[in-house]
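Indexing begins at 1, ligand by ligand and atom by atom, following the structure's order. These numbers come from the heavy atoms of this one structure, side chains and all, not from hydrogens, waters or symmetry mates.
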Amino acid sequence: MTETVKKLWPELEWINDHSLREKTAKTWELALEKSALKREDLDIIPFTLLCGPDLKVSFMAHKRCVVHIAKESGEKMNRFFSSDLPVNMDVLIAGAILADVGKLLEYEPDKNGKAVQGKYGQYIRHPFSGVSLAESCGVPPEVCHIIAAHANEGDLVKRSTEAYIVHHADFMTFLPFKSRLG
Ligand SMILES: [Fe+2]
């Protein structure tokens, strides 16, 4: 694992399975390598382009918040539901860390340095590019499923428990920025 990815994602340490942790880190390394964005941009660009120009919450602030919410949600569900609804914490955390990795290919800087959806991103939204990156790094299907199903496209498929958690963690921290009462 490179120092850049280690610093970018301290939450990788929460993945107990060494091989899954390495594959998750490798996917981010590959995305950074292929992206038109730089690592520094991730602390500056907004986490979504769907909430207007005034959104100040950065890509990394949002992504890390989703991972933290997903982890705590999984822990509570395992505590209260136990074998009635088991949550695989490694799969959950890896999936949450990777859910938006495809945005590194979907977004690119315009001539003013502002992040915009590039031509590639218009054709291949990040749930698809994310799966492509992750599969090429050996990430298993139960984790790729979370990437594939985390956004609106996932409403068309049957989600795993872990994918439901990541979807809701993502949307509960997105929808109020997009539109809210008060
Ligand atoms: Fe997303």
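Checked against the 6.0 Å centroid criterion, the rings of F59 and Y107 do not qualify as a close aromatic pair.
Tally of protein N, O or S atoms closer to the Fe ion (ligand 1) than 2.8 Å: 3.
Not counting sequence neighbours, H145 has no partner by the side chain to side chain donor-acceptor pair (under 3.5 Å) test. Listed by chain and number, the residues in a side chain to side chain donor-acceptor pair (under 3.5 Å) with R125 are E153 (sequence neighbours excluded).
Atoms NZ and CZ, from K76 and R79 in turn, are 6.0 Å apart once rounded to the nearest 0.5 Å. Going from atom OG1 of T24 over to atom CD1 of I15 covers 4.0 Å, rounded to the nearest 0.5 Å.
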Counting only pairs under 3.5 Å, give me each side-chain donor-acceptor contact of residues 26-34, with atom names and distances, residues two or more places apart or in other chains.
unit_1	atom_1	unit_2	atom_2	d
T27	OG1	K23	O	2.8
W28	NE1	I97	O	3.0
E29	OE2	T2	N	3.0

